[in-house]
Amino acid sequence: MNKFELRLAALSKLVDVNSAEVDIRLSEEFSRVDKVLQESVEYGELSEALKTLGVLVPRFHMATLPMLEAFARSVSSRTLTEGGTPIIGAQLRYLSAESLIREAIEVADNIRYVHTEQVTNFLLEMSRANDKEVRAKAERSLETLATFDLNVFYGEPPCGAEPQARMVTQFISLTNDALRVNANVILRVLSTVLSPTIEGTSSAFQSITIRRGPLTSDGGVAAMRTDAINLAKKIYGLEASVDHRKRVLLTLDSATKRENQASDAATSAMFERDAITVLEFMRDLVVTEALPLVQSIEHLAYWDYYHGTSQAIRDKALEVRDAVNAHTEYQIYKQLIGFEGIFGKWEDLSRSDEAWDYSDSGRRAAAHQYLEQINDTSYAIWRDRILEFSKTRSNDLATFPVYYEFLESIGRERPSLALELITTHEAVMTPFLIALIRGLWASAKAAETEAIVKTWLVDGRHLTITAKSLYGTGAARLSMLTAVVDRAASLDDRHALMQAMGTAAGLYAEGAIEAKAVFIQSLRELKKRNDARWASVVWFSRDFRTLVRGMEPGERAETLATLTSLPELDYQAEEVIYEIAQHDIQGVLDFMVGRLRHARVLGKRKLASEGNESEQFEPIPFQFSKLGELFARAPDALLSALRSDFNDEVRFMFTYRGVRLVKSAFPTFGEPLEALLLKYVQTENDDDIAFVIGVLRAYEGSTSILEICKAIIKTVPVRSGIWSEVAATIEATGVVRGEYGMVEALERKQQEILNWKDHENEHIRAFAEWLTVGLQRQIEHERQRADEDLALRKYRYGVDKDEN
C-alpha cells in the first residue's frame, strides 16, 4: 500500500471507534475534505478528498450529501491542474471534472439507504448532466437503489421494500414538469421496482455467490407496486408523443411479469391484481390512441395472455384483443404496417408454433386488395390514410416491407396519388419517398417524376433518396445517377455519394457497364474527402462482387487505397477487402502494409501535437473472420510484405500490428510458416532474426516455436542481446488462472527446456543454463507475490466458511 492507502485504512478503523479524541480527529479531517472540495483545483487532491469522504461517510452522513451536491455543481467551472499545471489535451479524457463527479456519485451510493430521498434527487440531477458517462453513472446508481437486494430486504434490521417505496414516493412528490423532464430515467427506475425478482450476492476471498428468487408481497411490496403503477399511468398522460407513451407501456408491462407461480396466496393475488390493472388501462386506450400505440398494446397484451398465470389475467387480455379487433382502421394499419401485430387466433397461437404464419403472403394479398379499392371515390380517404400511416417511425425501415411494396405499387399503378404525396405532402412522406419514386419511374408519369426529381437536384434535396430510387432501373436512368453524383460532390453530400456507389454497383450487375465509371467517380470524390464509409453501404452486396470482377487491377488498387484511412477494419470493410483479395492478394497485402505506414504517420503527428491529437487508428484488427484463409494460401508473399515494412516499423509495436496478419493466417504455429521463418534465420542478419522473433511472440510461448528458437540461438553469439529477446519469447505464457497460475506456467517453461542442457550444441546448452536461472528467480518472485496477494485478499474479503 502507498501512504494514502495506509491513511485511508487507518481512518476506516477510527470511524468505528467512539471517543472524544477520535471525534475531534475525524471532524478535523472532514473539515479539511470540505475545504478541499470547495476550493481546490488540483485533480489528485480532489480525488483523494472524495475517497477520504467515502471512508468518513458513516460518521458524517448528514453533512455528506450537501457537500457532494455543492462540489458536483461547481467543479466543472474550475480549471483543473495536475502538479500545478493546467490539465489540457488528451489528459482531459481521464483527469476531468466529469471523472470527479462520477467519484462523487460513488460516495453518495454509500448513503443511499439512509437518505434515500436526497440521494434520489441528487442522482436525478446528475442524470441530466451534459457528460454521457456522468449520466450513465447516475442512472446505474438509481437502478441499483431501485433493485431488490436480499441482503437489504431481509437484512438486520429488515428493510423490505422501504427503499423502493421511498423512491417512488419521492417521484410522486415531483411536479408535472419535473416528471416530464426526468421521465426516461424515472420509467427505468419504475421498471426495476416492478421487477418480480429479488437478488443478493455474498463474497469471500475466492468466491462470489449470487442468489436469485421470486419477490413476495410482504415488506410493503404490494403497496409500493400500486403506487409505481399509478405514477407510470400519470406519466403516460404528460406527453402525447408515440415514443414517450410506448416507453410507459413497456414500463407498465413490467408489472404483468412474474418469476414463477407464487407459493402464497397474497403474492399471487398481488401479481394478478397488477396484471389486470395494466391490461384494463391498455384496453381503455385502444379506442382513442394513435395506431402505432394500438399495435404496441396488441403486442404486449398477447404476450401477457400467453404468459398469464391465471384465467382472470387471460380473460382480461382477451378483452384487449376484442377491443383491438373492433378497431376497423387499425386492422388495415396492421396489414400494411403491422411489424408488431398479432395475426391469428390467440388461443391457437399460444398452443402451437405451427399456428403462426411467419410469411407476409397474407398481408401482401390484403395490400393488393387495398390497391384495387383506390379510385376516384375513395381517393381522399386513402390519401389521408396513407398520410396517417406514414407517420409511423422505426429505427429500421426494413420493418415495413409490405408497406414499401404497397407504396411502390401506388406509384406504379396510381401515379396521380403518388405525385400528390411526394409534392403536396413531401414532409410527411419523406421516409417513404424511395418506394413511391421507384414506382413512379415505371409508371405512365415517369416524365413528370423526372421533372420533380430534377428540381430536387437543383435545390440540393433528397439526393440520397434519389440515388436509392434508381436501383434496378437499368441503364436508362444512368444519366440521372451521374447528375446525383455531380450535385452531391458540389454540396459535399457524402451519404448521397455512398449510396450512388451502391446503386451504380447494382446497375453494373444488371448489365449497365457504364455504371462502373459512376462508381469510380463517387469513389474518387470520397477519396478527396478522406471518407471511406462507403464500405458500409456495399459490403453485403452481390452486385459489388460482380463489379469487382469487372474491375481492372488499377481500379481495384484505387478502391483499396480509399480504405487506408479507416480508423478500423470492421467486418464490413473486411468483406470488401475479401472480395478484392480473391482477385489480387498481393494488392491487398500492399494495402495492409500501407495501413501500417499510415499508423506511423499518425503516431508522429500525435507526438508533434504534444498529446492533443485524439485520432484513434487500428491498422490491423486483432483478428479477421475471412481474410486469414486467403493470406494462408500465400504465406511467402505475406511474410515478404511484412518484412519489407519491418525496418521502418516501431519494433515493440510489430507484435501488436503487422504480426496480426500472420496470426490470422496461421492461428497455430507450424508448417509452412516454420520453414519460411527458418530461411530468414539462416541469413544471420540481425534484422531478419528480429523479424522472426517478432512473429514468434504472437504465439505466446507455445512449445511449437521452440525449434525456431533453437535455430536462432545457434546462429547468434553467446550472451548477445538477442538472447534476452528469445528468452522473453519463450517465457510468454498467455492467460494464466489461479493465484499460482504464473508460477505453474514458469515451472512448465523450465521443464520444456530441461533437455536443452544436454544438447550437442554449445550455444543451446549455455542458453538453457542461463534461462533456467532466470526462470527460477521469476518463480520465487511470483510465488512470494501470490502468497502476499492471497493473504491480503483473505484479510479484505474474508474466508469461506468451509475454508480450513
Side-chain angles (χ1 to χ4, degrees), residues 635 639-640 642-643 646-647 649-660 662-663 666-737 740-786:
L639 292 178
S640 295
L642 290 175
R643 178 66 187 91
F646 181 73
N647 290 349
E649 178 62 288
V650 181
R651 292 294 171 89
F652 79 90
M653 290 299 297
F654 180 59
T655 302
Y656 304 102
R657 296 203 286 218
V659 173
R660 290 179 175 180
V662 181
K663 194 71 185 292
F666 303 100
T668 57
F669 190 81
E671 295 296 346
L673 185 58
E674 183 173 355
L676 291 171
L677 289 176
L678 188 59
K679 292 180 180 179
Y680 286 100
V681 174
Q682 290 167 350
T683 66
E684 301 185 11
N685 176 278
D686 286 349
D687 287 336
D688 284 343
I689 291 174
F691 171 72
V692 172
I693 292 173
V695 173
L696 295 180
R697 282 185 174 172
Y699 293 91
E700 298 181 329
S702 168
T703 56
S704 59
I705 69 171
L706 293 181
E707 290 303 314
I708 290 286
C709 290
K710 284 183 185 178
I712 295 172
I713 295 164
K714 289 178 184 179
T715 302
V716 302
V718 173
R719 299 273 180 161
S720 71
I722 293 178
W723 270 29
S724 297
E725 298 292 326
V726 175
T729 303
I730 294 173
E731 290 169 2
T733 61
V735 178
V736 296
R737 293 178 175 83
Y740 297 96
M742 182 60 73
V743 172
E744 294 164 357
L746 293 173
E747 287 176 340
R748 286 195 298 273
K749 298 295 179 183
Q750 279 188 325
Q751 290 299 313
E752 289 166 3
I753 65 165
L754 186 62
N755 61 358
W756 289 21
K757 295 180 179 180
D758 300 322
H759 198 277
E760 61 184 16
N761 184 276
E762 180 182 356
H763 286 203
I764 292 177
R765 293 197 304 272
F767 178 85
E769 293 288 348
W770 172 78
L771 182 57
T772 299
V773 172
L775 286 169
Q776 188 58 42
R777 283 198 299 267
Q778 290 187 62
I779 289 168
E780 292 169 0
H781 170 76
E782 286 296 328
R783 182 174 281 112
Q784 181 182 358
R785 183 199 58 76

For the residue pair Phe654 and Phe691, does the interplanar ring angle fall in the parallel (under 30°), tilted (30 to 60°) or perpendicular (over 60°) class?
tilted

Shortest non-hydrogen separation from Ala711 to Leu678 and the atoms involved:
CB-CD1, 3.7 Å

Gap between atom CH2 of Trp770 and atom CD1 of Ile753 - 0.5 Å precision:
10.0 Å

At their closest point, which heavy atom of Gly694 faces which heavy atom of Thr655, and how far apart are they?
O-OG1, 3.4 Å

Gap between atom CZ of Phe669 and atom CG of Leu706 - 0.5 Å precision
10.0 Å

Taking the side chain from Glu649 and the backbone from Met653, do they hold a donor-acceptor pair closer than 3.5 Å?
no

Between Ile713 and Phe767, the two heavy atoms sitting closest are CD1-CD2, 3.3 Å

Do the non-hydrogen side-chain atoms of Val718 and Glu762 ever get within less than 4.5 Å of each other?
no

Per side-chain contact (heavy atoms from CB on, under 4.5 Å), Arg777 is matched among Val773, Leu775, Ile779 by Val773

Measure the spacing between CD1 of Ile712 and CD1 of Ile689 and express it to the nearest 0.5 Å.
6.5 Å

Are the side chain of Arg660 and the backbone of Tyr656 linked by a donor-acceptor contact shorter than 3.5 Å?
yes

Quick one: salt bridge (Lys or Arg N to Asp or Glu O under 4.0 Å) pairs with a partner in residues 706-722, sequence neighbours left out?
Glu707-Lys710

Would you say the side chain of Thr668 lies within less than 4.5 Å of the side chain of Ser704, judging by non-hydrogen atoms?
no

With a 4.5 Å cut-off on side-chain heavy atoms, are Leu771 and Trp756 touching?
no

So do Thr715 and Ile722 actually touch side chain to side chain, heavy atoms under 4.5 Å?
no

Compare all side-chain heavy atoms of Glu782 with those of Leu746 and state whether any distance is below 4.5 angstrom.
yes

Passes side chain to side chain contact (heavy atoms under 4.5 Å, CB included), Leu677 versus Leu696? Steps please.
CA-CA 9 Å; Leu677 289 176; Leu696 295 180; 4.3 Å; yes

Atom OH in Tyr680, atom OG in Ser640: separation rounded to 0.5 Å?
4.0 Å

Let's go through Leu754 and Gln751 carefully: what are the C-alpha distance in whole Å and the side-chain angles of both, what is the deciding distance for side chain to side chain contact (heavy atoms under 4.5 Å, CB included) to 0.1 Å, and is it a yes or a no?
CA-CA 5 Å; Leu754 186 62; Gln751 290 299 313; 3.9 Å; yes

Taking all heavy atoms of Phe666 and all of Pro635, pick out the closest pair and write down the distance.
CZ-CB, 3.5 Å

Main-chain N/O of Glu760 paired to Arg765 side chain as donor or acceptor, under 3.5 Å
yes

Mark yes or no for whether His763, through its side chain, and Val716, through its backbone, hold a donor-acceptor pair below 3.5 Å.
yes

Indicate every side-chain donor-acceptor pair of residues 726-736 with a distance under 3.5 Å to a residue at least two apart or in another chain.
{"unit_1": "Thr729", "atom_1": "OG1", "unit_2": "Glu725", "atom_2": "O", "d": "2.8"}
{"unit_1": "Glu731", "atom_1": "OE1", "unit_2": "Gln778", "atom_2": "NE2", "d": "3.2"}
{"unit_1": "Glu731", "atom_1": "OE2", "unit_2": "Gln778", "atom_2": "NE2", "d": "3.2"}

Under 3.5 Å, is there a donor-acceptor pair between the side chain of Lys757 and the main chain of Thr772?
no

Is the closest side-chain heavy-atom distance between Lys663 and Tyr699 below 4.5 Å?
yes

Mind checking whether Leu642 and Val695 have side chains closer than 4.5 Å, heavy atoms only?
no

Which heavy atom of Arg651 sits nearest a heavy atom of Ala690, and at what distance?
NH1-CB, 3.6 Å

To the nearest 0.5 Å, what is the distance between CZ on Arg783 and CD on Glu744?
9.0 Å

Pair Asp688 + Arg643: basic N to acidic O under 4.0 Å:
yes

